[in-house]
S.K.: 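What follows is a single structure, and I will ask about it in a moment.
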Amino acid sequence: MTADSNNHLWWQEGVIYQIYPRSFQDSNGDGIGDLQGILDRLDYLQWLGVTAVWLSPIYPSPMADFGYDISDYQGIHPLFGSKEDFKRLLDAVHHRGMKLILDLVPNHTSDQHPWFLESRSARDNPKRDWYLWHDPLPDGSPPNNWLSVFGGSGWQWDEPTGQYYYHAFLKEQPDLNWRNPEVRQAMFDVMRFWLDLGVDGFRVDVMWHMIKDQQLRDNPANPDYQSYMATYEQLLPVYSTDQPEVHDLVLEMRKVLDAYDDRLMIGEIYLPIHQLVAYYGIDGKGAHLPFNFQLLLLPWDSRQIAAAIDQYEGVLPAGGWPNWVLGNHDQPRITSRVGKEQARVAALLLLTLRGTPTIYYGDEIGMRDVPIPFGEVQDPQGLNMPDKNLSRDPARTPMQWDNSPNAGFTTGKPWLRLADQFRRENVQAQRDDPYSMLTLHRRIIGLRQQEQSLMVGDYVPVFADTQLIAYVRQAKGYPRFLIILNLSHRPAYFKTKDPTLKGVVELATYPEREGQTVGESIQLGGDEGVVIRLD
Ligand code: NOJ
C-alpha cells in the first residue's frame, strides 16, 4: 500500500489504547476496576484522541494470572460486570466512532475450565487430547526439560491419571493441544461469538507459543543466561515456541476474522524481528499486527533504536503494516525506564513513527512503576521468583484520575496500592496544563490524526548518532514533517546540508520552542524532541 493512497483501514490510521480493566476505573466500590467504570471514562479517551481500546481479559477466571486463566470464554467475570454491561460498553465505544478489541487467550485455559476438568478426569475422556498430556520418563521425571515462564518445570504431575500435563505459564493455566481439530473449532467458535456481537478484533495472547514440537525434544541451554534473569531463560525455547506449524494456525484464525468486515488480529509475540515478521503470514494472510516490542526491550540508546527502526522497516513484508508499543501490563513503565523528561521524547517517538501505536493506560500522564511492599505482591511472576524483581504489579496500579482519595479510582480499598504522588500526578492536574505529559500526548495524537504524513506517510531516515534520531514523515501531496529527537540528557546539534529540511517547529517536548523557524541546523536541549513542519 502506498503512502499517498487514502484507502487505509481503521487500525492503520488509528491509535490503540490498552486498558488493564482491574485498574482503570471502579464503579461499585469493590476496589477493582470494571466495565461500567470504563464506560464512565470513555469521554476522556475520546478527548485524548485515541481511536481503539484494547481490554485485557474480562472473562470469568479464578484470577490465578489476573484473567489470563480463563474458565469461560464466552462470559464476563462478575467482578467486571455482566454481558449487558459489556454490550452497553461496546455500543458506547462504537457510538463515539471508536473500536473495541478484546484479549483472546487461546494457548491455555484455566485449570478450572470445564474442558480441562473433563480432560483431567480420566485418560479415556473424549477431551483428554485437548491438552498436552504425556507419560513420565522411566524414572518418573517429566517428559522433557521445558520450563514454565513463571518459574519451575513446565510439567505438572497428575497423580490420579498418572501423566504430566504441560503449562507454559502457571500450573493453573494448562496449555491446549492445538494439533487437535476439535480444539481449533472450539476456539474459532469463541472468536465468532465475540465477532458476532460486534467486537472489532482480538489481541491474541502468546501467539508464538500455540504449537509445540511434536517430538517433545529438549530445549537447549541458553549460553547467555545470567542468574538475575528469570529461570525460564536458562533454556532457549526453540522447541516449545515458534514452531513452523503455528503459521497454518494463524492463517486459520485469520480466515475466521476475514469472514467478517474489517476486523483486526494483533499477535502478542516476543521474538527477534526476522521471526516476528513471519507472523504477517504468506501474502499478508496472518496477523494484521504482530506486536512489535522493540521499543520496550531495547536499551534506550539512540543508535540502537535508530538501527532497529530501519531494520524493522527493511524486513517488513510487502503490505505488512508496522506497529509500535511503548508499554504494556507485563513490562516496566516507560517513565520508570527512562525518566520523566525522556518519557516525553519517547511519546513523540511512539506517536510519530510509521505504524499503529499502542499506548498503555496511564503512560499518557507519565505514571511510574509503583513500589509494592513484599507482603502486598499479587503477581504470580513476582511471587514465584521473589528475589528477581520480576513482579508486574508496579506497572498495573490504579489509574490516577484526580487528587481525591484513591485518585478517583475507587471509593473502596484499591486492589493494588496507588502511587504516593498521585495527588500531584493525575489527569485532573494535567488536563489544562500546557506543559504536562497529558497535554503533550493529546496534542501529538491530534496532530497525527490530522496530518496524513504523520498518520500514514512514509518513513525516511535522516540521521542518527549517539544522541539524536531524525526522520521525515511524508505522504504525497501533503505537508512533510521532520522529527528530531534527543534521546540523551545533554544538548546536541542537528545539522543538515539538505536545503529541503527547513520549516517551523510545530510541536515540541518543550513548547517554548514552538513557532521557531529551523534552517540548516538546530541545537536541541537534553531530553528535547521537536516535530518540524517542513516548508
Ligand atoms: C501474556 C500476557 O500479557 C501476560 O500478562 C500473561 O501472564 C501471559 N501471557 C499468560 O497468559
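All residue numbers refer to positions in the sequence shown, counting from 1. All values reported here derive from a predicted model rather than from experimental measurement. Ligands are counted one by one from 1 in listed order, and the atoms in each one are counted from 1 as well.
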S.K.: Does any donor atom in the side chain of D85 or Q36 lie under 3.5 Å from an acceptor atom in the other side chain?
M.R.: no

S.K.: So, does R203 sit close enough to ligand 1 that a heavy atom of it is under 4.0 Å from the ligand?
M.R.: yes

S.K.: If the condition is side chain to side chain contact (heavy atoms under 4.5 Å, CB included), which residues does P142 pass it with, not counting sequence neighbours?
M.R.: S153, W155, Y164

S.K.: What atoms of ligand 1 come within less than 4.0 Å of a heavy atom belonging to H108?
M.R.: 10 (C), 11 (O)

S.K.: How does F150 reach ligand 1, by side chain, by backbone, by both or by neither, if only non-hydrogen atoms under 4.0 Å count?
M.R.: side chain

S.K.: Is the shortest distance from a heavy atom of R392 to ligand 1 less than 4.0 Å?
M.R.: yes

S.K.: Just checking, is any N or O donor in the side chain of D242 or Q275 under 3.5 Å from an acceptor N or O on the other one?
M.R.: yes

S.K.: Around atom 6 (C) of ligand 1, find the nearest protein heavy atom and jot down its residue, atom name and distance.
M.R.: D65 OD2, 3.3 Å

S.K.: To the nearest 0.1 Å, how far is atom 9 (N) of ligand 1 from its closest protein heavy atom, and which atom is that?
M.R.: D205 OD1, 2.9 Å

S.K.: For atom 5 (O) of ligand 1, what is the closest protein heavy atom, and at what distance to 0.1 Å?
M.R.: D330 OD1, 2.7 Å

S.K.: So, S56 versus R203: side-chain donor-acceptor pair below 3.5 Å or not?
M.R.: no

S.K.: Salt bridge (charged side-chain N to carboxylate O under 4.0 Å, His left out) with R333: which residues, sequence neighbours excluded?
M.R.: D363

S.K.: Parallel under 30°, tilted from 30 to 60°, perpendicular over 60°: which one fits the rings of W54 and F291?
M.R.: tilted

S.K.: Does ligand 1 have an atom that lies less than 4.0 angstrom from a heavy atom of R396?
M.R.: yes

